[in-house]
Amino acid sequence: MSRSEGHSLPPRSSGEVRGLLDTSVVIDLDLINSDDLPDETALSAVTLAELAAGPHAAVDEQERGRRQDRLQWAASRWDPLPLDADVARAYGRLYATTGSNGRRTRRRFADLLIAATALAHGLPLFTRNPADFAGLEELVQIRAV
């Protein structure tokens, strides 16, 4: 969950007490109504990895700086949930579900690992891109924001 109580936001009315934030939510956090988010938030180590790659993928200096700021902010705010054996097992279940639904699995590697983190920790997944997690709703609670 979030690293320090000093950074916590006021209680929200999403109805959720705890939740995992997808990378898309962290990137757009300043655009999202805090009432749509849970009281306690967590990140997957995979989200932190995606954020770490962001500055290297930027095409201009201003965007690179913006992405670097977001990475540093997120790294100081959360202790990410690790990619451990429980997440690996959950990933296998989600991979099988995705394949049986006829969706590609290779291109969705990071999304599936983030969803697996939510599944392994029993957390709803808050995302700006619910279509990325279509077909997984029986295993993971997906919350579009």
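These numbers come from the heavy atoms of this one structure, side chains and all, not from hydrogens, waters or symmetry mates.
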Query - Check: Pro55 and Gln68 side chains under 4.5 Å, non-hydrogen atoms - result: yes
Query raised in the report: Do side-chain atoms of Arg143 reach the backbone of Pro124 as a donor and acceptor pair under 3.5 angstrom?
Result: no
Query raised in the report: Quick one: which of Val87, Leu94, Leu20 gives a side-chain contact (heavy atoms from CB on, under 4.5 Å) with Leu119?
Result: Leu94
Query - Any side-chain donor near an acceptor of the partner, Gln62 and Arg64, under 3.5 Å - result: no
Query - Point-to-point distance, once rounded to the nearest 0.5 Å, from CZ of Arg93 to CD of Glu138 - result: 10.5 Å
**Report entry** Any side-chain donor near an acceptor of the partner, Asn129 and Thr127, under 3.5 Å
**Finding:** no
Query raised in the report: So how far is it from Ile142 CD1 to Leu136 CG, rounded to the nearest 0.5 Å?
Result: 6.0 Å
Query - Side-chain touch Leu125/Phe133, heavy atoms, less than 4.5 angstrom - result: yes
Requested in this report: Determine the minimum heavy-atom distance between Ala110 and Val46, stating which atoms define it.
Outcome: O-CG1, 3.8 Å
**Report entry** From Leu29 atom CG to Leu21 atom CG, the distance as rounded to the nearest 0.5 Å
**Finding:** 7.0 Å
Query raised in the report: About how many Å separate CZ of Arg70 and CZ of Arg77, when rounded to the nearest 0.5 Å?
Result: 11.0 Å
**Report entry** Spatial distance of atom OG1 (Thr117) from atom CG (Leu83) [nearest 0.5 Å]
**Finding:** 6.5 Å
Query raised in the report: Hey, does the side chain of Asp28 reach the backbone of Leu31 with a donor-acceptor pair shorter than 3.5 angstrom?
Result: no
Query raised in the report: Does the ring centre of Tyr95 sit less than 6.0 Å away from the ring centre of Phe109?
Result: no
Query raised in the report: Taking the side chain as C-beta and beyond, is there a heavy-atom pair between Leu43 and Asp79 under 4.5 Å?
Result: no
Query - pair Trp73-Val26: side-chain heavy atoms closer than 4.5 Å - result: yes
Query raised in the report: Please walk me through it: do Arg89 and Asp86 pass salt bridge (charged side-chain N to carboxylate O under 4.0 Å, His left out)?
Result: CA-CA 5 Å; Arg89 283 189 291 277; Asp86 290 334; 2.3 Å; yes
Report task. Check the pair Val17, Glu40 against side chain to side chain contact (heavy atoms under 4.5 Å, CB included), reporting the backbone distance first and the verdict last. Result -> CA-CA 6 Å; Val17 174; Glu40 294 179 42; 4.3 Å; yes
Query raised in the report: Is a donor on one side and an acceptor on the other found under 3.5 Å between the side chain of Arg128 and the backbone of Ser24?
Result: no
**Report entry** Test side chain to side chain contact (heavy atoms under 4.5 Å, CB included) applied to Leu81 and His121, step by step
**Finding:** CA-CA 9 Å; Leu81 299 174; His121 291 275; 3.8 Å; yes
Requested in this report: Determine yes or no for a side-chain-to-main-chain donor-acceptor pair under 3.5 angstrom, with Thr41 supplying the side chain and Leu37 the backbone.
Outcome: no
Query raised in the report: For the atom pair CD (Glu50) and CD1 (Ile114), what is the distance rounded to the nearest 0.5 Å?
Result: 4.5 Å
Report summary line: For Glu137, the salt bridge (Lys or Arg N to Asp or Glu O under 4.0 Å) test, sequence neighbours excluded, returns none
